[in-house]
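The block underneath contains the structure these notes are about, expressed in structure tokens.
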Amino acid sequence: MTARFAAGAQTGRGNVHDLLELAITTADAAGAMLVDQRPADVRVAATKSSPTDVVTEMDRAAEKLIIERIRASRPGDAFLGEEGGASSGGSGVRWIIDPIDGTVNYLYGLPDWAVSIAAEVDGEIVAGVVTVPTRGELYTAARGEGSYLVHRDGSTEKLSCNTGIPLERALIATGFGYFAQRRARQAEVLLGVLPRVRDIRRGGSAAVDLCSVASGRVDGYFERGPQEWDVAAGGLIVREAGGFMGGLNGRPASAEMTISAGPGLYEALHDLLAPLSPERD
Ligand code: IPD
């Protein structure tokens, strides 16, 4: 799969276009490996923050593949990977990787899981790729160049999130954490949200949720808990599709709270959430 962009902008640390192309080919390779080599019975290799926060051997294999491929082309870059692949580098470029975002979906054979790769230059995300192999969809964005959905047959759509959606007609994606206490609070927050919106979706992958905001398949998204690797690529894809991503009260998006939506709805969703204290466990 390839994305079509005009000449790539220079960052001073390299060409954004080159970083994007490397992210695309690497995410494609990891996605193909995860589909082709998925064992009939995917097993949990370890648990992380709680018994429901799982990692499979396939998460580890995909992260290894991604880091090895990028490092072969760009040996001086730094990495942050969900499965522990953190290393420093001197080039000013850092790759933020989630080898499988939606591991529980992958474990159960549900389609919505993604490989997410973002390139950050001097602390700013400049290129992002989220591939959803089971759907044959590859989402891409380069800073200042828009975001695109490339289908399996090579056809490409420029993405544009929904704008001006009133809260009561908004379809909102969300997710839940891995700790029982946090989930209990998240259920309380939902009590305040659900009666005020069209409906709620819990897809199981924050990266896919953000791509769904970018493509207009949902109108907004909020969640307490997503980590940098869950939202780095998807956040750029949303912004380049005309949407917003941030936290509460003007703070940047973080594991405390991440909110995303198009203009108009973003403010209303924020103002609905803020009094519900969604950052509290
Ligand atoms: C999880 C998914 C899920 C979200 C969790 C994430 P993982 O990522 O994105 O939708 O609700 O907050 O941790 O663990 O499958 O990489």
Side-chain angles (χ1 to χ4, degrees), residues 27 30-31 34 38 42-64 66-67 79-86 95-118 128-135 139 171-187 189-190 193 200-214 217-218 220-235 237-238 245 247 253-260 273 278-279 281:
L34 287 164
R38 183 180 186 279
V42 183
R43 287 173 197 276
V44 172
T47 57
K48 297 187 282 186
S49 59
S50 88
T52 50
D53 185 4
V54 297
V55 56
T56 70
E57 288 301 343
M58 298 304 282
D59 291 79
R60 291 173 173 164
E63 184 162 303
K64 185 166 177 286
I66 292 166
I67 291 177
F79 291 89
L80 174 67
E82 177 174 18
E83 308 312 336
W95 296 89
I96 303 171
I97 297 157
D98 193 342
I100 306 180
D101 185 56
T103 300
V104 174
N105 283 351
Y106 185 79
L107 186 65
Y108 279 76
L110 290 166
D112 278 348
W113 53 269
V115 179
S116 174
I117 302 179
V129 171
V130 172
T131 181
V132 190
T134 54
R135 296 191 184 279
Y139 296 82
L171 185 61
I172 303 294
T174 192
F176 306 118
Y178 291 114
F179 291 106
Q181 186 184 331
R182 173 165 297 182
R183 287 179 169 189
R185 262 302 291 150
Q186 287 174 317
V189 171
L190 265 190
V193 174
I200 290 289
R201 293 289 179 271
R202 198 297 187 238
S205 163
V208 175
D209 288 341
L210 288 168
C211 291
S212 296
V213 175
R217 285 181 182 166
V218 299
Y221 160 79
F222 74 94
E223 183 169 355
R224 168 157 169 72
Q227 303 292 316
E228 214 177 341
W229 46 75
D230 297 316
V231 302
I237 291 165
V238 160
M245 187 174 86
S254 72
E256 296 302 302
M257 177 50 55
T258 295
I259 304 170
S260 179
L273 288 166
E279 291 183 325
D281 283 333

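Whatever order the structure lists them in is the order used to number ligands and atoms, beginning at 1. All values below come from the heavy atoms of this structure, side chains included, with hydrogens, waters and symmetry mates left out.
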What atoms of ligand 1 come within less than 4.0 Å of a heavy atom belonging to [X]?
X      : result
Asp230 : 6 (C), 8 (O), 13 (O), 16 (O)
Gly175 : 11 (O)
Phe176 : 11 (O)
Gly102 : 7 (P), 15 (O), 16 (O)
Glu223 : 4 (C), 5 (C), 11 (O), 12 (O)
Ser205 : 2 (C), 9 (O), 10 (O)
Glu82  : 14 (O), 16 (O)

Checking the N or O distance criterion of under 3.5 Å, is ligand 1 in contact with [X]?
X      : result
Val104 : no
Gly204 : yes
Thr103 : yes
Ala206 : yes

**Prompt:** Looking at Asp98, Thr56, Asp59, which hits side-chain hydrogen bond (donor to acceptor under 3.5 Å, both in side chains) with Thr103?
**Reply:** Asp59
**Message:** Pairing donors with acceptors under 3.5 angstrom, does anything connect the side chains of Ser205 and Asp101?
**Reply:** yes
For ligand 1, is [X] a contact, meaning one of its heavy atoms is under 4.0 Å away?
X      : value
Ile100 : yes
Gln227 : no
Tyr178 : yes

**Request:** Quick one: pull up CD in Gln227 and CD1 in Ile96 and give me the separation to the nearest 0.5 Å.
**Result:** 12.0 Å
**Prompt:** Atom CD1 in Ile172, atom CZ in Arg201: separation rounded to 0.5 Å?
**Reply:** 11.0 Å
**Asked** For Arg202, which residues count as a side-chain contact (heavy atoms from CB on, under 4.5 Å) partner, sequence neighbours excluded?
**Response** Phe176
**Asked** Below 4.0 angstrom, N of the basic side chain to O of the carboxylate: do Arg60 and Glu63 qualify?
**Response** no
**Item:** Ion pair Arg182/Asp281, N-O distance below 4.0 Å
**Value:** yes
**Prompt:** Does Tyr221 have any side-chain hydrogen bond (donor to acceptor under 3.5 Å, both in side chains) partners at least two apart in sequence or in another chain, and if so, which?
**Reply:** Glu223
**Prompt:** Heavy atoms, side chains only, cut-off 4.5 Å: are Asp209 and Val218 in contact?
**Reply:** no
**Prompt:** Is the closest side-chain heavy-atom distance between Val129 and Tyr139 below 4.5 Å?
**Reply:** no
**Message:** Please work out, at 4.0 Å between heavy atoms, whether the side chain, the backbone, both, or neither of Glu83 comes within that distance of ligand 1.
**Reply:** neither
